[in-house]
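Here is the structure we will look at, set down as structure tokens.
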Protein chains: 2
Amino acid sequence: MLWDVPRVSEEHLNARREQILDAARACFVAKGLHSTSMQDLIKEAGLSVGAVYRYFKSKDEIIAAIAETVTGGIMQHIETVAAQRLPLAESMDAVLVAIEIQMGPGGHLPIALQVWAEAAIDPAIAAIAKDRYVKLRGALQLLVENAVDSGELPEDTDVAAVTSAYYSLVPGFALQRMLTGTPDKDSYMRGLRLLINR
Amino acid sequence: MLWDVPRVSEEHLNARREQILDAARACFVAKGLHSTSMQDLIKEAGLSVGAVYRYFKSKDEIIAAIAETVTGGIMQHIETVAAQRLPLAESMDAVLVAIEIQMGPGGHLPIALQVWAEAAIDPAIAAIAKDRYVKLRGALQLLVENAVDSGELPEDTDVAAVTSAYYSLVPGFALQRMLTGTPDKDSYMRGLRLLINR
DNA sequence: CAGCATAAAACGAACGCTCGTTCTTGACGC
DNA sequence: GCGTCAAGAACGAGCGTTCGTTTTATGCTG
């Protein structure tokens, strides 16, 4: 038996995968997970049915792959913010800059909304989402730990509990903005400072 | 001729409508908006195809009707809390009691998640959601106004801005809990008090 | 008070269509 | 010429909805 020598470069294969996932993201933003048909997605990718089914064995697998990547951008941004060791309000402000970008054209937040809904229905997606959002909370916890180190919060602070409150401000802002259209980041931050700096 | 007299009582007609909507809610919680087929919903209601289509002319109309009612329970609860004129943290605690109930069996929050996702896709649902969540924010604003009246917040507070921050704590908590499984209301409130009472 | 007339209400088989997926076919690099 | 990959026609299942028919509830009539 011979070794499976790849006919095309591995980069080519990954590029095809990315091409499909990019098309899926575009379709999912426009039409949602379920109203996007495989035909829609295939046409958007500029590929054939057979080609797409070579890389993903079902639509569910594509949805799962998308769900895996949906927090990627924010995750990375939060780690950058953590390294700057800012006060809590400034950190949140910096995080929300990325959130506002993700809400705009090309952003992943409309897809995140779809994934949240799917997580309520499909255990496989729920498991992925749980993993990603627990990790995201872990990243935000660094910001709270910075505040303890700097003396902004007392030494004996229950860091996990504070993080859960702090964390909720992020999707809370995003959801409020996507559903009601307001507030913008600066109004929100002004209100938040009034609430926490007393 | 005077047979504009209804053949069946109006209560009966409304009851049938509610019967269909109750079935829809049960199905939507279990399978989501799109994976619930009309057959599923009709079977759950114990009716026939024709009967359901007498009361709603399409599946979209049923979804819209569900979206209309999804904030009802919380809205009512917040108004009750507002009448008690509690400090901000106590008010939030009281609101989250209702949120925890809505997350459990029979609660509307899993449906709310579906509606949020649909609002990102379907302008008709987006309009309904916008209306409901703007009104919900208005109800929460009363809690912030109480805090100004009582002196907990300064007289010149930007009430709308503070409300937007305060508001975000509600879906922020709900979403975090539904996706990650933690925290419970009491841990969350402990963290929140540490964050705002300084 | 029968019993008939009438229209609302409920029924469910059937329809056209689109879905996600499979499979046969052929092209191309080695 | 063999193995890999792409193409896209074809398929069965299941979708939302329609519509002709049957059942039910009521008022009218004799």
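Labels below follow one simple rule: chain letters A, B, ... track the order of the sequence lines, proteins then strands, and each chain is numbered from 1. Since we're looking at a predicted model, the values are computed, not measured.
The CG atom of B/Leu33 sits 15 Å away from the C1' atom of D/dG16 (whole-angstrom rounding). In this structure, B/Asn14 places its CG atom 15 Å from C1' of C/dA9, rounding to the nearest Å. Counting to the nearest Å, the C1' atom of D/dG16 and the CD1 atom of B/Ile63 are 11 Å from each other. For the pair B/His34 NE2 and C/dG20 C1', the computed distance is 17 Å after rounding to whole Å. B/Leu41 has its CG atom 12 Å from the P atom of D/dC15, to the nearest Å.
Side-chain contact between A/Asp149 and A/Arg85 is present, with heavy atoms from C-beta onward closer than 4.5 Å. At a threshold of 4.5 Å between non-hydrogen side-chain atoms, the residues B/Ile196 and B/Tyr166 do not count as touching.
No contact: A/Ser35 has no heavy atom under 4.0 Å from any strand. Residue B/Tyr55 is in sugar-phosphate contact alone, with no base atom involved, counting any heavy-atom pair closer than 4.0 Å across all strands shown.
Dashed line: the shortest gap from a side-chain N or O of A/Arg16 to OP1 or OP2 of D/dC5 is not under 4.0 Å. For D/dC15, one of the phosphate oxygens OP1 or OP2 lies less than 4.0 angstrom from a side-chain nitrogen or oxygen of B/Ser37. Between D/dA7 and A/Ser48, a contact under 4.0 Å exists linking OP1 or OP2 to a side-chain N or O.
In summary, B/Arg193 and B/Glu90 engage in a salt bridge, as defined by a charged side-chain N under 4.0 Å from a carboxylate O.
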Using atom names, set out every protein N or O paired with an N or O of nucleotides 17-20 of chain D below 3.5 Å, distance rounded to 0.1 Å.
from, atom 1, to, atom 2, distance (Å)
D/dT17, OP2, B/Tyr53, OH, 2.6
D/dT17, OP2, B/Lys59, N, 2.9
D/dT17, O5', B/Tyr53, OH, 3.3

Sequence neighbours excluded and cut-off under 3.5 Å, please list the side-chain donor-acceptor pairs for residues 169-179 of chain B, or say none.
from, atom 1, to, atom 2, distance (Å)
B/Gln176, OE1, A/Arg137, NH1, 2.8
B/Gln176, NE2, A/Ser164, O, 2.9
B/Arg177, NH1, B/Glu100, OE2, 2.8
B/Arg177, NH1, B/Pro183, O, 3.3

*Run the numbers on B/Glu44 and B/Arg25 for salt bridge (charged side-chain N to carboxylate O under 4.0 Å, His left out), then give the verdict.*
CA-CA 10 Å; B/Glu44 176 75 25; B/Arg25 269 184 280 262; over 6 Å; no
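Listed by chain and residue number, B/Arg190 satisfy the side-chain hydrogen bond (donor to acceptor under 3.5 Å, both in side chains) test with A/Asp158 (two or more places apart in sequence, or in another chain).
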